Amino acid sequence: MSQVPKKLRLATVWLGGCSGCHMSFLDLDELLIELVEKVDIVYGPLVDTKKFPEEVDICLVEGAVTNVENLELARSIRSNSKLVISFGDCAVTGNVTSMRNRIPVKDLLTAVYHEAQAPIGAESLEVLPALLKKALPLHQAIKVDIYLPGCPPAPERIAAALTALLDNRPVDL
Ligand code: SF4
């Protein structure tokens, strides 16, 4: 009796980005249907799992590493994934996300939350994860295996990369 081939475990992660890279992923349209026949999507905005799982084969990471929560998640991704893909310009270079951590965040949040017409209390500032001094491209936080640039990467490029990986061919971008 022939064995059913094991599905690859795919994760997608949204760090400091606008979600545009994930929108481009969703634009794979019918390829998504082919994809779910070959992979299990085990983590990401489309999956209701809070903890990053173990034994992930491929992980696409959108966005820069901007705060302590992102950094912790990035390290967990690296420990639990065979192949990490820096997905989009924010992950590859920092891109627009890298401009934001240098603004006086405390003043900004105080103005928004405490001095607005409907202040929501000092505790609101405490629950936000602390920002890093500057937003980091992913490879400055963890080792990256493949870079998939673009803002966002075109669906055709995402498809080319994933198809090559699923066929066990080198990714030629
Ligand atoms: Fe958004 Fe572009 Fe950054 Fe992707 S690379 S998260 S589309 S700004």
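Whatever order the structure lists them in is the order used to number ligands and atoms, beginning at 1. Here, residue 1 is the first one in the sequence, and each next residue gets the next number. Keep in mind that this is a model prediction, so the values were computed, not measured.
Taking CG of Leu10 as the reference point, atom CG of Leu162 lies at 6.5 Å (rounded to 0.5 Å).
Using a 4.0 Å cut-off between charged nitrogen and carboxylate oxygen, Arg78 and Asp145 count as a salt-bridge pair. Ion pairing of Lys82 with Asp57 is present here, as a side-chain N (NZ or NE/NH1/NH2) and a carboxylate O approach within less than 4.0 Å.
Aromatic ring pairs are classed by plane angle as parallel below 30°, tilted from 30° to 60° and perpendicular above 60°; the pair Phe87 and Phe25 is perpendicular.
Residues Leu15 and Ala64 approach most closely at CB-O, 3.4 Å, considering heavy atoms.
Using a 4.5 Å heavy-atom cutoff, the side chains of Leu166 and Leu35 are in contact.
Within the 4.0 Å heavy-atom cutoff, Pro153 does not count among the residues contacting ligand 1.
Of all protein atoms, those that are N, O or S and lie under 2.8 Å from atom 3 (Fe) of ligand 1 total 1.
Close contacts between ligand 1 and Gly150 involve ligand atoms 5 (S) [criterion: under 4.0 Å to a heavy atom].
A 6.0 Å sphere centred on CG of Asp48 holds no more than 12 heavy atoms belonging to other residues, nucleotides or ligands.
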